[in-house]
Trainee: 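Right, I'll just put the structure down here and ask away after.
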2 protein chains.
Amino acid sequence: MSQDFAPIKRKRLSDEVSAQIQVRIASGELRSGDKLPPERELAEIFGVSRGAVREALRNLERTGLIALQAGARGGAFIGQGDPGLIGDSFRNLYQLGSVSLDELTEARLWLASTVVRIACARATDADLAALTANVDEAERLLKARRYDDKIDIHIEFHNLLARATGNAVMAMLMGALMEVMRDFAHAAGGERNDLTIKARRRLLAALHKRDADAAVTAMTEHLESLRGRYRDRMKPHRAKAKGMN
Amino acid sequence: MSQDFAPIKRKRLSDEVSAQIQVRIASGELRSGDKLPPERELAEIFGVSRGAVREALRNLERTGLIALQAGARGGAFIGQGDPGLIGDSFRNLYQLGSVSLDELTEARLWLASTVVRIACARATDADLAALTANVDEAERLLKARRYDDKIDIHIEFHNLLARATGNAVMAMLMGALMEVMRDFAHAAGGERNDLTIKARRRLLAALHKRDADAAVTAMTEHLESLRGRYRDRMKPHRAKAKGMN
DNA sequence: ACATGTTTATTGGTCCGACCAATGGAAAGT
DNA sequence: ACTTTCCATTGGTCGGACCAATAAACATGT
């Protein structure tokens, strides 16, 4: 036993409280819809101040585990999680310089390939209809020169496609990456040509024919060309982080 | 103008504060390593109580945007984000019943296929050496009957492979999914046979030969069989959430 | 001079007690 | 029976106090 004394972890009270509640959730003791005791009671139970309890609850709220609601029948209710947090995480990592734009677009391209292949096999008629409607809408917006609105529709296309895989996790992963893409798509300004529309028409045709290889090709080629254009347009908007160590 | 009066958003002060700070970060005005003014000053600047500022800072800390440090030269420092939060999000979504175990394993399988294909093309000698060392270690633990420790090594294998793609985003995505896998791998108890080891040896051989198809096959077959075994062993550990709307 | 211990100023961490604001149900009035 | 008013409950905010950690400035001893 050379150097393994005590780690000495000065944990914050609020973190201790939120940890205990989280354990109750992980164990299944607390489930979606359940209500926690009021802050004042929790303070007494845990033997800490209401402020500490409050910080714990706010943390859990931020994590999407609970939702706070004021008023008579209000309180802290166990929620269902928030898929949007995944996208937020990536946004932060990008803004803080921990991941690059190039890595994001590359990962997105890889994910999109998988998505389109799976979706090609599983997409329902309703999925295909929604995708078609989406492209129609995008074309309408393009003609109306509403380039900024078009971006959101384009992003929605990828989300629809990901949902067509029938796998919520995959939909969330793609959704997260697309959230970051949204940011700099708006920053870079929307495309004003119809290349995307045409590529999507080809993709839809392949999907209807259940031709996975053609669908993947259509998707990949389009994203590759987009990637090239973005790379030219977006100068790195941040100098490399100077280590804070 | 039929019904578009005022949205009436009763935002919390602390959220308003954290939002303003976040904007400064997004705009690049605040960068990794920068220090925010002390809580008491921020309270005066924003014209709110110190408690409100504190909640805002704790929220940002939870998000990985800042790190709080007590003491004389302490304060709130802009951080670099925390990739672990992505895994936490999925863990929460799973625990709260918003995503199923099956969707997680399926998405993991898809991602792993992509990862192994890319890694096959890009892995450096150092990557391959690390992967080989990992499998050796796993074999050692298996012989020592340290099944629980073996799980973590097995998970590390996937992370190493993902890192071998050279894409940090992909490594984070895989890392996040594997974090959830870790939970129920431990809950289900580690495998006690050497099937995984053998599959990994085949995978490594394919990687060394840069035979992408063989590598993908080795990975996929193994994960598929694992998936089948898990499905038998893990009964859904939670009844379907009764909606709380 | 140098090393070591002590003080002190700074800053996050916690607590208390009070009051405000939202909300739904109970009581009162019609 | 319906509407209005009131009230208890519960989160949201505040101010001020004190504790705890920390590093710099200072004092002390060799």
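Chain A is the first sequence line, chain B the second, and so forth, proteins listed ahead of strands; every chain is numbered from 1. For the numbers below, each heavy atom of this structure counts, side chains included, while hydrogens, waters and symmetry mates do not.
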Trainee: Please work out which residues in residues 65-75 of chain B have a non-hydrogen atom less than 4.0 Å from an atom of DNA chain D and list them by number.
Mentor: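 Going residue by residue through residues 65-75 of chain B, the ones with a heavy atom under 4.0 Å of DNA chain D turn out to be B:Ala70, B:Gly71, B:Ala72, B:Arg73.
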
Trainee: Would you say the side chain of A:Phe90 lies within less than 4.5 Å of the side chain of A:Leu173, judging by non-hydrogen atoms?
Mentor: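 No, side chains not in contact.
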
Trainee: In whole angstroms, how far is the P atom of D:dG12 from the CD atom of A:Glu61?
Mentor: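 Distance, rounded to whole Å: 7 Å.
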
Trainee: Using the test side chain to side chain contact (heavy atoms under 4.5 Å, CB included), find all partners of A:Arg12 that sit at least two apart in sequence or belong to another chain.
Mentor: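 A:Arg12: side chain to side chain contact (heavy atoms under 4.5 Å, CB included) contacts with A:Ser14, A:Asp15, B:Arg54, B:Arg58, B:Glu61, B:Leu68.
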
Trainee: Distance check needed: D:dT13 P versus B:Asn59 CG, whole Å only.
Mentor: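 Distance check: B:Asn59 CG to D:dT13 P gives 11 Å.
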
Trainee: Would you call A:Ile86 and B:Leu93 a side-chain contact if the rule is heavy atoms closer than 4.5 Å?
Mentor: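 They are in side-chain contact.
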
Trainee: Rounded to the nearest angstrom, tell me the gap between atom CZ in B:Phe77 and atom P in C:dT10.
Mentor: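 It works out to 16 Å between those atoms.
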
Trainee: If you define the side chain from C-beta out and look only at heavy atoms, does anything of B:Leu65 sit under 4.5 Å from B:Ile78?
Mentor: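 Answer no - side chains too far apart.
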
Trainee: Checking side chain to side chain contact (heavy atoms under 4.5 Å, CB included) between B:Leu141 and each of B:Asp136, B:Asp149, B:Asp148, B:Ile151, which is the one that passes?
Mentor: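 That would be B:Asp149.
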
Trainee: Tell me the interatomic distance from A:Glu16, atom CD, to C:dC15, atom C1', rounded to whole angstroms.
Mentor: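 From A:Glu16 CD to C:dC15 C1': 18 Å.
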
Trainee: How about A:Met170 and A:Met174: do any of their side-chain heavy atoms sit closer than 4.5 Å?
Mentor: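 They are not in side-chain contact.
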
Trainee: Rounded to the nearest Å, what distance is computed from the CG atom of residue A:Leu42 to the P atom of nucleotide D:dG11?
Mentor: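 The answer, rounded to whole Å, is 8 Å.
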
Trainee: Given side chains that start at C-beta, do those of A:Thr63 and B:Asn92 come closer than 4.5 Å, heavy atoms only?
Mentor: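 In contact.
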
Trainee: Round to the nearest Å and state the distance from A:Leu36 atom CG to D:dT10 atom C1'.
Mentor: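 Atom-to-atom, A:Leu36 to D:dT10, this comes out as 13 Å.
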
Trainee: Whole angstrom is fine here: how far is it from CZ in B:Arg12 over to P in D:dT13?
Mentor: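 The distance from CZ of B:Arg12 to P of D:dT13 comes to 7 Å, rounded to the nearest Å.
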
Trainee: In B/S/- notation, 5' to 3', how is nucleotides 14-19 of chain D contacted by protein heavy atoms closer than 4.0 Å?
Mentor: B--BB-

Trainee: Quick one, B:Ile21 and B:Leu57 - any side-chain contact, counting heavy atoms below 4.5 Å?
Mentor: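 SC-SC contact between B:Ile21 and B:Leu57 confirmed.
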
Trainee: For A:Lys11 and D:dA20, give me the distance from atom NZ to atom P, rounded to whole Å.
Mentor: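 Answer to the nearest Å: 18 Å.
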
Trainee: Please name the pair of heavy atoms, one in B:Val99 and one in A:Met172, separated by the smallest distance, quoted to 0.1 Å.
Mentor: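 Where B:Val99 meets A:Met172 most closely, the heavy atoms are CG1-CE, 3.4 Å.
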
